[in-house]
Peer 1: 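The structure is given below, and queries will be raised subsequently.
Below, read A as the first sequence line, B as the second, and so on, with proteins coming before strands; counting in each chain starts at 1.
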Amino acid sequence: MALPSTSVSVSTFPLHLLPASDPPYKLLQSHPSLSLLSKCKSIQTIKQVHSHIIKTGLHHTQFALSKLIEFCAVSPFGDLPYALLLFHSIDEPNQFIWNTMIRGLSLSSTPELAMEFYVKMIWSGILPNSYTFPFVLKSCTKMDSTQVGEQVHGQVLKLGLDSDAFVHTSLINMYAQTSQLGNARLVFDKSPLRDAVSYTALITGYISIGYMESAREIFDEIPVRDVVSWNAMIAGYVQAGQYEDALAFFKEMIEANVVPNESTLVTVLSGCAQSGSLEMGKWVRSWIDDHGLGFNIHIVNALIDMYSKCGDLDRASDLFEGLEQRDVISWNVMIGGYTHMSCHKEALGLFQRMLQSNIEPTDVTFLSILPACASLGALDLGKWIHAYIDKNIQYSDNISIWTSLIDMYAKCGSIEAAQQVFNSMKHRSLASWNAMISGLAMHGLAEKALELFSRMTNEGYKPDNITFVGVLSACSHAGLLDLGRQYFSSMVQDYAISPDLQHYGCMVNLLGRAGLFDEAEALIQNMEMKPDGAIWGSLLGACRVHKRVELGESVAKHLFELEPENPGVYVLLSNIYAGAGRWDDVARIRTLLNNKGMKKVPGCSSIEVDRVVHEFLVSDKVHPRCKEIYDMLNEVDTLLEKAGFVPDTSEVLQDMDEEWKEGALSHHSEKLAIAFGLISTKPGTTIRIVKNLRVCGNCHSATKLISKIFNREIIARDRNRFHHFKDGSCSCNDFW
DNA sequence: TTAGGGTTAG
């Protein structure tokens, strides 16, 4: 924005003719140069105003400089380094200027500097006043330093400033936010200065340590509750997961004739979103419409979030598209909504649109978009995001983002890159270790996963239930039965973690694969909870491997009860019959399936080429390069045959009808994706594919040979794990 | 003479 320079006459006030002491305040306050400040939207325009101030001689007045510093230090369009520069140009800054610098720094990401300025202020002989301490105490709160906070409290008492309501509340807030509720309470109780604000500061302290009931008691004591105190309680209930209480409070608030504001509605809607309750959300929506608030962008954003989290993506998208002005939150909630509902392609598409609209993504964007990349196997896009994050310093200490990158790389098949990100992290959270361990596990790198687990415990991290899912799945993917047993009992005995369904699933898988059916069944019987479909499914899979037809039948019965609509159970059972040569039973199951009108979930494989994800279904013929793909498939089949490959037809039901009609196994989705990879990438390039189902035995054998014949590394992710095909063999050692 | 405390997307 260029400033209208002609509108400011240098001679408006001939201030340069005045003596150095400040002229009358009224004259200064209305000076055009200073009123221009409020129009500034960038550092360039601030500099222009600064030069106006110099031209008009205003820079001789501390008042003008203080207004300039205030704008630079506090306004969202300001520039803290410029404020510092201005500050250092002043010989003897007055109390207001010191306070303003402390205020600006307390808002920044470096509150330590605010403390430094506070100390310097005292050293320079300027006494802090009742304005200074709210800023200083905010810095203490931000630094989470109880020691410094207590020292400042001492100085407040010495100066007798504890009788100021603002200082008083700031003290309560400082103690409340640094988990010293006892001290917060003491300050609160000892002083007669109690208003809705100080009550609310105390309430949020109790909420932050999860004491909702204490918060409620204090709330009931407030003589006059204002909108913020209601908002705080509603936010507390949302945070505590007490969504119905949050809504009840919202209704009570309206009955008490307190007018909800934007915060109230954003908070209530986020509660509806988190609880997934569309009914609640609709009720709030109608209130919003009745009160004409449907045009507030923050409220619309919250509505988009609510609808998409409650599963109504159409309504969410309508609101999103209907927005005239979208801010970054609008984009983030819509992308996050798609990810939440597993519409990963839509999430990626919207992200591309966001970039095209020149909206800067934020860390929240990446936390939504990286899982979408992970799910689709969109490695190139993931890499692009990694490069973007690398370039933007503000993400350098965001552990969640780096953890998401580890997860993305691992799930996109690039375990080396995941490892590199993990190694480069200076600070890690438990989730970072978990992501790396699970990543190694799904790549079948059990030894490395277990090594990492012991490194993690040596470094003092306490593993949680998710860690053990990773550890046990590492054992299960590598068939490490004894180690699996050891970790399972260590989890219970050494870490007091009670096993959940996922842990049992790994153990049943391990035992089943080893053919230890009695032990597996005993384990299932001793579970504290009812086994789910995954547990029985795992056992049924083992029955197929070990050709245990009768046991398979009885296991399938459990599954038919639990998941009557899951065609996978019928498919697996029919494969068990096929393996035993019981073709009549195979036919019976097929008829049963057809009669029930159930369709197997179609096999779907995807491959990313040049940042575009291509998806293939069984015998798909819709791809633009369909002809070339099928030509390549023919060539592959010919070469496979030459190499002595004999298709195994025992798993013909894997893809049911479609496959049956084709009469061959050569058109499974993974083979189409591989053929497309072969024709669309340079020789020698690694081919990465993602399949939604478990890879079938036939394709597994074929892919091993393809990797040898075409001299390509093929990395395939199926529903359970990764397979690295190279030189005719697979990293899973045919065990999956 | 200018300002300051408690609530708000994942």
Side-chain angles (χ1 to χ4, degrees), chain A residues 22-29 34 61-71 73-74 94-100 102-104 106 129-138 141 161 164-174 176-177 184 188 193 195-205 207 218-219 222 225-236 238-239 260-271 273-274 296-306 308-309 327-337 339-340 362-368 371 400 404:
Chain A
D22 280 10
Y25 144 75
K26 285 258 181 241
L27 206 67
L28 284 168
Q29 203 182 27
L34 295 183
T61 71
Q62 286 216 343
F63 183 86
L65 288 173
S66 66
K67 280 288 155 201
L68 194 58
I69 289 179
E70 184 186 10
F71 188 85
V74 182
N94 62 22
Q95 196 182 37
F96 180 86
I97 295 176
W98 277 107
N99 283 350
T100 305
I102 294 170
R103 179 181 170 202
S106 78
N129 63 2
S130 63
Y131 287 94
T132 320
F133 284 105
F135 309 137
V136 171
L137 288 164
K138 189 185 219 95
T141 311
L161 290 171
D164 180 275
F166 290 81
V167 178
H168 178 242
T169 308
S170 299
L171 278 170
I172 295 170
N173 195 47
M174 184 271 291
Q177 297 300 319
F188 179 83
L193 291 168
D195 56 11
V197 187
S198 54
Y199 272 101
T200 310
L202 194 59
I203 286 173
T204 55
I207 290 173
I218 298 162
F219 178 80
I222 307 180
R225 294 169 202 123
D226 65 8
V227 60
V228 181
S229 43
W230 283 95
N231 288 353
M233 284 302 291
I234 295 172
V238 170
Q239 220 177 300
N261 63 11
E262 179 191 303
S263 292
T264 322
L265 293 158
V266 169
T267 310
V268 172
L269 285 170
S270 105
Q274 287 172 52
N296 175 313
I297 184 169
H298 299 119
I299 293 175
V300 178
N301 287 344
L303 280 169
I304 294 172
D305 187 45
M306 180 276 290
S308 65
K309 295 280 159 58
D327 64 9
V328 67
I329 298 178
S330 324
W331 291 92
N332 284 351
V333 292
M334 196 63 232
I335 292 173
T339 306
H340 181 79
T362 67
D363 47 354
V364 179
T365 323
F366 295 128
L367 289 175
S368 292
S400 310
S404 261

Peer 1: Do the two ring centres, one from A:Phe133 and one from A:Phe166, sit under 6.0 Å apart?
Peer 2: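 Distance test on ring centres: not under 6.0 Å, no.
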Peer 1: State which of B:dG10, B:dA3, B:dT2 makes the closest approach to the side chain of A:Phe63.
Peer 2: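 Within the option list, the nearest is B:dT2.
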Peer 1: Which atom pair, heavy atoms only, marks the closest approach of A:Ala273 to A:Lys309?
Peer 2: O-CB, 3.4 Å
Peer 1: Without decimals, in angstroms, what is the distance between A:Phe133 CZ and B:dA3 C1'?
Peer 2: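 It works out to 16 Å between those atoms.
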Peer 1: Once you round it to whole Å, what is the distance between P of B:dG4 and CD of A:Glu70?
Peer 2: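 Going from A:Glu70 (CD) to B:dG4 (P), I get 7 Å.
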Peer 1: Rounding to a whole Å, what distance do you find between A:Asn231:CG and B:dT8:C1'?
Peer 2: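 To the nearest whole Å, that distance equals 8 Å.
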Peer 1: With a non-hydrogen cut-off below 4.0 angstrom, is A:Asn99 in contact with a base, only sugar-phosphate, or nothing?
Peer 2: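 The answer is base, as A:Asn99 lies within the cut-off (heavy atoms under 4.0 Å) of a base atom.
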Peer 1: Under a 3.5 Å distance rule, please check whether A:Arg225 uses its side chain to pair with a backbone N or O of A:Ala196 as donor and acceptor.
Peer 2: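 A pair under 3.5 Å: no.
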Peer 1: Report the distance from atom CG of A:Asn94 to atom P of B:dA3, rounded to the nearest whole Å.
Peer 2: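 In whole Å, B:dA3 P and A:Asn94 CG are 14 Å from each other.
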Peer 1: Of the nucleotides B:dT8, B:dG10, B:dA3, which has the atom closest to the A:Ser270 side chain?
Peer 2: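 Among B:dT8, B:dG10, B:dA3, the one nearest the side chain of A:Ser270 is B:dG10.
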Peer 1: For the backbone of A:Ser308 and the side chain of A:Asp305, can you confirm whether one donor and one acceptor N or O come within less than 3.5 Å of each other?
Peer 2: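 Side chain of A:Asp305 to backbone of A:Ser308, a donor-acceptor pair under 3.5 Å: no, none is there.
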Peer 1: Identify whether any heavy atom of A:Ala176 sits under 4.0 Å from a base atom; if not, whether one sits that close to sugar-phosphate; answer base, sugar-phosphate or nothing.
Peer 2: nothing
Peer 1: Which one, B:dG4, B:dA9, B:dG6, comes nearest to the side chain of A:Ala201?
Peer 2: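 Looking only at side-chain atoms, A:Ala201 lies closest to B:dG6.
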Peer 1: Pick base, sugar-phosphate or nothing for A:Asn173, based on heavy-atom distances below 4.0 Å to the nucleic acid.
Peer 2: sugar-phosphate
Peer 1: Output the rounded distance in Å from CE (A:Met306) to C1' (B:dT8).
Peer 2: 16 Å
Peer 1: Between B:dG5, B:dA3, B:dG6, which nucleotide has the shortest distance from any of its atoms to the side chain of A:Phe166?
Peer 2: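 Between B:dG5, B:dA3, B:dG6, the one nearest the side chain of A:Phe166 would be B:dG5.
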Peer 1: Is A:Lys67 near enough to B:dT1 that one of its side-chain N or O atoms lies under 4.0 angstrom from OP1 or OP2?
Peer 2: no
Peer 1: Determine whether a donor-acceptor pair (N or O, by modelled atom type, separation under 3.5 Å) exists between the side chain of A:His298 and the backbone of A:Glu262.
Peer 2: no
Peer 1: Figure out the CG/P separation between A:Leu202 and B:dG5, and round it to whole Å.
Peer 2: 18 Å
Peer 1: Of the nucleotides B:dA9, B:dT2, B:dG10, which has the atom closest to the A:Asn332 side chain?
Peer 2: B:dA9
Peer 1: Would you say B:dG4 has OP1 or OP2 under 4.0 Å from some side-chain N or O of A:Lys138?
Peer 2: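 For A:Lys138, the contact criterion (side-chain N or O under 4.0 Å from OP1 or OP2 of B:dG4) is not met.
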Peer 1: Using the side-chain heavy atoms of A:Ile329, tell me which of these nucleotides is nearest: B:dA3, B:dA9, B:dG6.
Peer 2: B:dA9
Peer 1: Using a 4.0 Å heavy-atom cut-off across all strands, classify A:Ser130 as base, sugar-phosphate, or nothing.
Peer 2: base
Peer 1: Is A:Ala273 touching bases, backbone alone, or none of the nucleic acid, heavy atoms closer than 4.0 Å?
Peer 2: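 Nothing, no heavy atom under 4.0 Å.
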Peer 1: Which nucleotide in the list B:dA9, B:dT2, B:dG6 gets nearest to the side chain of A:Thr200?
Peer 2: B:dG6
Peer 1: Taking any heavy-atom pair under 4.0 Å as a contact, classify A:Thr132: base, sugar-phosphate, or nothing.
Peer 2: nothing
Peer 1: Consider the side chain of A:Val364, meaning its heavy atoms from C-beta on, and name the nucleotide among B:dA9, B:dG4, B:dG5 that approaches it most closely.
Peer 2: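 It is B:dA9.
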Peer 1: Please determine, for the side chain of A:Ala235, which listed nucleotide (B:dA9, B:dG10, B:dT7) has the closest atom?
Peer 2: B:dT7
Peer 1: Atom NE2 of A:His298 and atom P of B:dG10: how far apart are they, to the nearest Å?
Peer 2: 14 Å
Peer 1: Which nucleotide sits closest to the side chain of A:Ala165: B:dT2, B:dG5, B:dA9?
Peer 2: B:dG5
Peer 1: With a 4.0 Å cut-off on heavy atoms, is A:Ser170 in touch with a base, just the backbone sugar-phosphate, or nothing at all?
Peer 2: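 Here A:Ser170 touches the backbone only, sparing every base.
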